[in-house]
Chemist: 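Pasting a structure below so you can have a look.
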Amino acid sequence: MYLALEESLRHAVAAFVAAHWPDAAPEGPEALAAALVVERPPKAELGDFALPLCFDLARRLRRPPRALAQEIASGLALPSGLARAEAAGGGYLNAFADRAWLFAQAAAAQRDPGLRPALDGKAIVEHTNINPNKAAHIGHLRNAVLGDTFARLLRFRGETVEVQNYIDNTGVQVADVAVGLERLEAGETPGALTTKIHVYEVERRTLADEGAISPAPHFLPLIPERHRATYSFDYFCWDLYARVSRLYAENPASVQWRAAALAAIEQAEEGRSTNSTAEIAALVAGAIVTAHLRTMRRLHIAYDVLPRESEILRLHFWREAFEQMKARGAIRLETAGKNAGCWVMDWRQGEGSAAAGAANTEPDAGGDAGYAAPDDAAKVIVRSNGTVTYVGKDIAYQLWKFGLLGRDFQYRRRQPVDGQTGPWITTAEDGDANHPPFGRARWVFNVIDTRQSYLQEVVQAGLRALGYADEAGRSVHFSYEMVALTPRCARELGYQLSPEEERKSHVEVSGRKGLGVKADDLLDRLLHGAWAEVANRHPELDGAGQLALAGPIATGAARYFLLKFTRNALIAFDFEDALSFDGETGPYVQYAAVRAASILRKAEAAGVQPDPAAGAELLAATDVWDLLSLAARLEATVHQALAAGEPAYVAKYAFQLAQAFNNFYHRRPVLAEEDAGRRAALLALVAVTQRQLAHALELLGMAAPEIM
RNA sequence: GGGCGCGUAGCUCAGUGGACCAGAGCAUCCGCCUUCUAAGCGGAGGGUCGCGGGUUCGAAUCCCGCCGCGCCCGCCA
């Protein structure tokens, strides 16, 4: 309710100011209302809303702020839902919500009408984007969880959202694994590989059946340690990829195999040849994508469509973008200098040129060669050998997202994963004509870590250079800091730290080194921990019953852990913190919801009905009011979280609401309350809290269990 | 050399447009389960908000300058 109340308050105040001091509000009441700042007073006793406008008015009217605040407070026509207004502090105008009104609204499950769509069309949220050549790790998890939660928040606000997960199935990373299979796993042929993947699948399914855990796709805790390496194909590739990287390092001549593999894959994609390397690469990418979808499903993450690099190649998206860029002068052919023969894009005109010029005149005489010399503002888009760079393809793809490329993919449903309908995936031919419309978005949010900031800027510059300044402005790099490992965690994983690494606060995850915490390992350890807790509390349940309770707890713990940090915080991952279920964690929030549900269940069994009517007197108590006012702030919190692009705000909110409820829980034995009216009112508050907590958990992609 | 980000309690982090805004969790110590699930609640100790200036009645918050740390700046992806 707070958003709507705040809105009507702003309008009322603006109307008053415009009517009484027209000179001080030349912009008119509408514009003034929109510009008014509304804060939250430091203490609940001071009210629910605080407007600092009088400090500003005081200057224009040359009158003391406190007197102005008083004048507004006494003359203001209070909108419904607000009880009173008063001057506070040095000149704040504070307003108080009508607590009984708010309670009645909340108990009637009224959603805050102040939260409305703010985007003027469809938003694409692209996240996950994991190279399909190895198991997902916790860094990928942060990306996916952030993106998924952001998409949930947008949808909650009423936006139209399309979630995409881009699959680079023809890149070097996949080629490297193909090399590994062909060269290190002697005799690996497409047929043998198909068998191997099939075996992994069957084995996985068998193990899942033995564990009797149909909802939980992976269940490593039940698997003996020695079998884990062969358990899953993505795990196998994780190790194989590291082995290939080691091979390249130890035997530089072997790097030619990668180039050959890459060329073979490209030829096949362009239809110029069929070859076993390309077939293997396609098998690998397909199987790994399946593994990733399965992993993400454990975290309640799904996608609308999976656009693939292979179709971008086959459908010649780049060729189209290249023509547009040449035609509009976005790129030019360099004829001299180190970039001779390349098509380059000039960007940041006028901005970086001075600095770049200065740097160029100063040869880096004694400097180390470790950093790249500052360049002129030209970015290579097409190499002198005629091939396109990564950014070039990204610009083409970004054009497609906005519907500016003039070409589209075909689409088909992907095979089901664990019985669930598969997402749509791109195809070059024989697509399903009945696919939903994809692309042609108004807004594009690319969830990519902060290390890619530079390239994201180049992509936006590319749109601008093509004359699409608006689209560039609606291209948002939803960036976040990386997940690294504490040295202790790296050691725990069996990694040998160098002396320098030993001193650092964190070490970077590296797929090439095979250094990282696999997403499924984290989830399995959480599941293991949650199961142990559940087994203690519910010895009456059998193993399957206990696991059914443990699954959502593990998922909740993982998601909350990744969401409680703001985007700019670098997460130095350590199992000790991540595996905790105490304090500010997902299970803490879920536990509060369970307690509320338990009260509601018992009340229903006893025939006690919730009723806010007799709550007026109760609402004067701070613990009760703290709880209700927080519960009524869900939409306001979502509003702020979206404005700041910080899902962490919602996580923090859920925790605070759980905290307020736990406090209330210990002070107010609801069902033991003797006065029937008070009991009904307390029960109504429990119901409101339970509902809002469940909403918040849903937004965070977490389950609100009935028992745990 | 340039760009971006970070620096707040022993540790990990909040502080979303200036009022008790110096906070939370963990860790440590002390209490609380015959009463709606103790994955909980209450209490204690613990901080010159990196340093120095500036703006303001008022700055962790805004501006400038330092210091330290991280990431990025390729005809790799």
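Small disclaimer: the values here were computed from a predicted structure and weren't measured. Here is the naming used below: chain letters follow the sequence lines, and residue numbers restart at 1 for every chain. Below, each value reflects all heavy atoms present in this structure, side chains not excepted, and no hydrogens, waters or symmetry copies.
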Chemist: Rounded to whole angstroms, how far apart are CG on A:D577 and C1' on B:rC11?
Modeler: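 After rounding, the gap between these two atoms is 8 Å.
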Chemist: I need the full list of salt bridge (charged side-chain N to carboxylate O under 4.0 Å, His left out) pairs touching residues 550-561 of chain A, with sequence neighbours left out, sorted by first then second residue.
Modeler: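 Counting only pairs at least two positions apart or across chains, the salt bridge (charged side-chain N to carboxylate O under 4.0 Å, His left out) contacts touching residues 550-561 of chain A are A:D148-A:R559.
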Chemist: Could you tell me whether A:E646 contacts a base, only the sugar-phosphate backbone, or nothing, with contacts defined as non-hydrogen atoms closer than 4.0 Å?
Modeler: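 Touches nothing.
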Chemist: Less than 4.0 Å between a side-chain N and a carboxylate O, is that true for A:K652 and A:E584?
Modeler: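 A salt bridge links A:E584 with A:K652.
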Chemist: Base, sugar-phosphate, or nothing for A:M708, non-hydrogen atoms under 4.0 angstrom?
Modeler: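 Base contact.
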Chemist: Heavy atoms from C-beta onward define the side chain here; which of B:rA38, B:rU16, B:rA77 lies closest to that of A:R383?
Modeler: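 Closest of the options to the side chain of A:R383: B:rA77.
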Chemist: Respond yes when some side-chain nitrogen or oxygen of A:N385 is under 4.0 Å from OP1 or OP2 of B:rC75, and no when none is.
Modeler: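 Result: no.
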Chemist: One pair to check against ring pair (Phe, Tyr, Trp, His ring centres under 6.0 Å): A:Y2 and A:F49. What are the steps and the verdict?
Modeler: CA-CA 9 Å; A:Y2 275 83; A:F49 305 96; 5.6 Å; yes
Chemist: For atom P, what is the distance between B:rG46 and B:rU55, given to the nearest Å?
Modeler: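 Looking at atom P only, B:rG46 and B:rU55 are 35 Å apart.
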Chemist: For A:R668 and B:rC36, give me the distance from atom CZ to atom P, rounded to whole Å.
Modeler: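 After rounding, the gap between these two atoms is 18 Å.
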Chemist: Touch check for A:A569, heavy atoms < 4.0 angstrom, all strands: base, sugar-phosphate only, or nothing?
Modeler: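 Sugar-phosphate contact only - A:A569 comes under 4.0 Å of backbone atoms but never of a base.
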Chemist: Do A:T566 and A:N568 pair up side chain to side chain, a donor and an acceptor below 3.5 Å, judged on atom types alone?
Modeler: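 There is no such pair (donor and acceptor under 3.5 Å, judged by atom type) between the side chains of A:T566 and A:N568.
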Chemist: Which parts of nucleotides 19-24 of chain B does protein reach within less than 4.0 Å, heavy atoms only, written one letter per nucleotide 5' to 3' as B for base, S for sugar-phosphate only and - for none?
Modeler: B-S--S
Chemist: Which one, B:rC36, B:rC72, B:rG5, comes nearest to the side chain of A:Y454?
Modeler: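 Per side-chain heavy atoms of A:Y454, the pick is B:rC72.
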Chemist: Between atom CD1 in A:I599 and atom P in B:rU35, what is the gap in whole Å?
Modeler: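 Distance check: A:I599 CD1 to B:rU35 P gives 15 Å.
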Chemist: Would you mind reading off the distance between A:Q656 atom CD and B:rG40 atom C1', rounded to a whole angstrom?
Modeler: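 Value for this atom pair: 18 Å.
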Chemist: Assign A:V534 to base, sugar-phosphate, or nothing according to its heavy-atom contacts below 4.0 angstrom with the strands shown.
Modeler: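 It contacts base atoms.
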Chemist: So A:I707, base contact, sugar-phosphate only, or nothing? Heavy-atom distance under 4.0 Å.
Modeler: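 Base, at least one base heavy atom under 4.0 Å.
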Chemist: Picking from B:rG15, B:rA39, B:rA77, which would you name as closest to the side chain of A:V172?
Modeler: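 Between B:rG15, B:rA39, B:rA77, the one nearest the side chain of A:V172 would be B:rA77.
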Chemist: Side-chain N or O of A:Y480 less than 4.0 angstrom from OP1 or OP2 on B:rC4?
Modeler: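 No, A:Y480 has no side-chain N/O under 4.0 Å of OP1/OP2 on B:rC4.
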Chemist: What is the nucleic acid contact for A:A597, judged by heavy atoms within less than 4.0 Å: base, sugar-phosphate only, or nothing?
Modeler: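 Touches nothing.
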Chemist: Please check if atom NE2 in A:H639 has more than 12 non-hydrogen atoms from other residues, nucleotides or ligands closer than 6.0 Å.
Modeler: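 Open: at most 12 neighbouring heavy atoms sit under 6.0 Å from NE2 of A:H639.
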Chemist: Can you confirm if the aromatic rings of A:W343 and A:F322 lie within a centre distance of less than 6.0 Å?
Modeler: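 Here the rings of A:W343 and A:F322 have centres that are less than 6.0 Å from each other.
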Chemist: Just checking, A:R512 and A:Y241: is the charged tip under 6.0 Å from the six-membered ring centre and within 45° of the axis?
Modeler: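 Judged by the rule (NZ or CZ under 6.0 Å from the ring centre, within 45° of its axis), A:R512 is not positioned above A:Y241.
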Chemist: Between B:rA19 and B:rU56, how many Å separate the two C1' atoms, rounded to a whole number?
Modeler: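 Going atom to atom, C1' in each nucleotide, I get 15 Å.
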Chemist: Indicate syn or anti for B:rC49, taking the glycosidic torsion and treating anything within 90° of 0 as syn.
Modeler: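 For B:rC49, whose glycosidic angle is more than 90° from 0, the conformation is anti.
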Chemist: With rounding to whole Å, what would you report as the distance between B:rG23 and B:rA9 at their C1' atoms?
Modeler: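 Each nucleotide's C1' atom is 10 Å from the other's.
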Chemist: How do A:M482 and A:A530 order along RNA chain B: which one's closest nucleotide is nearer the 5' end?
Modeler: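 Looking at the nearest nucleotide for each, A:A530 comes out on the 5' side.
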Chemist: Mind checking if A:K564 touches a base, just sugar-phosphate, or nothing, with heavy atoms under 4.0 Å?
Modeler: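 Contact class for A:K564: none.
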Chemist: Would you indicate which nucleotide in B:rU16, B:rG70, B:rC36 comes nearest to any side-chain atom of A:K602?
Modeler: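 Per side-chain heavy atoms of A:K602, the pick is B:rC36.
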Chemist: Taking only the P atom of each, what is the distance from B:rG42 to B:rA24 in whole angstrom?
Modeler: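 11 Å, rounded to whole Å.
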Chemist: Classify A:R537 by what it touches in the nucleic acid, base, sugar-phosphate, or nothing, heavy-atom distance under 4.0 Å.
Modeler: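 If one applies the 4.0 Å heavy-atom cut-off, A:R537 turns out to touch a base.
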Chemist: Please report the distance separating the C1' of B:rG47 from the corresponding atom of B:rG74, rounded so that it comes out in whole Å.
Modeler: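 Looking at atom C1' only, B:rG47 and B:rG74 are 45 Å apart.
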Chemist: How would RNA chain B look in dot-bracket form, 5' to 3', counting Watson-Crick and G-U wobble pairs with both distances under 3.5 Å and writing | for bases paired to another strand?
Modeler: (((((((..((((.........)))).(((((.......))))).....(((((.......))))))))))))....
Chemist: Is there a side-chain polar atom (N or O) of A:N662 under 4.0 Å from OP1 or OP2 of B:rG40?
Modeler: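 Looking at the OP1 and OP2 atoms of B:rG40, neither is under 4.0 Å from any side-chain N or O of A:N662.
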Chemist: Mind calculating the distance between CD1 (A:I553) and P (B:rA39) to the nearest angstrom?
Modeler: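 After rounding, the reported distance stands at 11 Å.
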Chemist: The side chain of A:F565 lies closest to which of these nucleotides: B:rU12, B:rA39, B:rC36?
Modeler: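 Between B:rU12, B:rA39, B:rC36, the one nearest the side chain of A:F565 would be B:rU12.
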Chemist: Does any part of the side chain of A:N165, heavy atoms only, come nearer than 4.5 Å to the side chain of A:E126, both counted from C-beta?
Modeler: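 No, too far: nothing below the 4.5 Å cut-off.
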Chemist: On RNA chain B, check which nucleotide each of A:G529 and A:Y649 is closest to and give me the residue with the more 5' one.
Modeler: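 On the 5' side of the pair lies A:Y649.
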Chemist: Does the ring centre of A:Y390 sit less than 6.0 Å away from the ring centre of A:W318?
Modeler: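 For A:W318 and A:Y390, the ring centres are not under 6.0 Å apart.
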Chemist: Give the nucleotide from the list B:rA77, B:rG5, B:rC36 with an atom nearest to the side chain of A:L455.
Modeler: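 The nucleotide sitting nearest to the side chain is B:rA77.
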Chemist: Nearest whole angstrom, please: distance from the P of B:rC69 to the CG of A:L570.
Modeler: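 So the CG-P distance, A:L570 to B:rC69, works out to 16 Å.
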Chemist: What's A:D449 touching, base or sugar-phosphate or nothing? Going by heavy atoms closer than 4.0 Å.
Modeler: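 Result for A:D449 = nothing.
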Chemist: Classify the side chain of A:S384 versus the base of B:rC75 as yes if they form a donor-acceptor pair under 3.5 Å and no if they do not.
Modeler: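 Answer yes: a donor N or O sits under 3.5 Å from an acceptor.
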Chemist: Would you mind telling me which of B:rC75, B:rC71, B:rA39 lies closest to the side-chain atoms of A:C342?
Modeler: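 Of all the options, the side chain of A:C342 is nearest to B:rC75.
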Chemist: Over all strands shown, is A:V670 touching base, sugar-phosphate only, or nothing at heavy-atom distances under 4.0 angstrom?
Modeler: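 Answer is base: heavy atoms of A:V670 come under 4.0 Å of a base.
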Chemist: Should A:L57 and A:R63 count as side-chain neighbours, where that means a heavy-atom distance under 4.5 Å?
Modeler: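 Not in contact.
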Chemist: Hey, is A:K504 close enough to A:E502 for a salt bridge, meaning N to O under 4.0 Å?
Modeler: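 Looking at A:E502 together with A:K504, the answer is no, because their closest N to O distance does not fall below 4.0 Å.
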Chemist: For residues A:Y588 and A:D582, is any side-chain donor paired with an opposing acceptor at under 3.5 Å?
Modeler: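 A:D582 and A:Y588 do not have a side-chain donor-acceptor pair below 3.5 Å.
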Chemist: Does this structure show an ion pair linking A:E635 with A:R157, if we count only N-O contacts that are shorter than 4.0 Å?
Modeler: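 Salt bridge: no.
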Chemist: In whole angstrom, give the distance that lies between atom CG of A:N169 and atom P of B:rA77.
Modeler: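 One finds 15 Å between P of B:rA77 and CG of A:N169, rounded.
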Chemist: Please measure how far the P atom in B:rC41 lies from the corresponding atom in B:rC4, and state the result in whole Å.
Modeler: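 These two P atoms come out 42 Å apart once rounded.
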Chemist: Counting side-chain heavy atoms from C-beta on, which of B:rG70, B:rG40, B:rA77 comes nearest to A:H666?
Modeler: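 So the nucleotide nearest the side chain must be B:rG40.
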Chemist: Using the C1' atom as the reference point in each nucleotide, state the distance between B:rU61 and B:rU8 in Å, no decimals.
Modeler: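 B:rU61 and B:rU8 have their C1' atoms separated by 12 Å.
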Chemist: Rounded to whole angstrom units, what separation is found between the CZ atom of A:F581 and the P atom of B:rA38?
Modeler: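 Taking atom P of B:rA38 as the reference, CZ of A:F581 is at 18 Å.
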Chemist: Using the salt bridge (Lys or Arg N to Asp or Glu O under 4.0 Å) rule, pick out the option among A:R679, A:R678, A:R667 that qualifies with A:E673.
Modeler: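 Of the listed options, the one satisfying the test is A:R678.
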Chemist: Between B:rA60 and B:rC21, how far apart are the two C1' atoms, rounded to whole Å?
Modeler: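 Approximately 9 Å lies between the C1' atom of B:rA60 and that of B:rC21.
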Chemist: Have a look at A:Q173 and say if it touches a base, only the backbone sugar-phosphate, or nothing, with a 4.0 Å heavy-atom cut-off.
Modeler: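 Counting heavy atoms under 4.0 Å across all strands, no contact is made by A:Q173.
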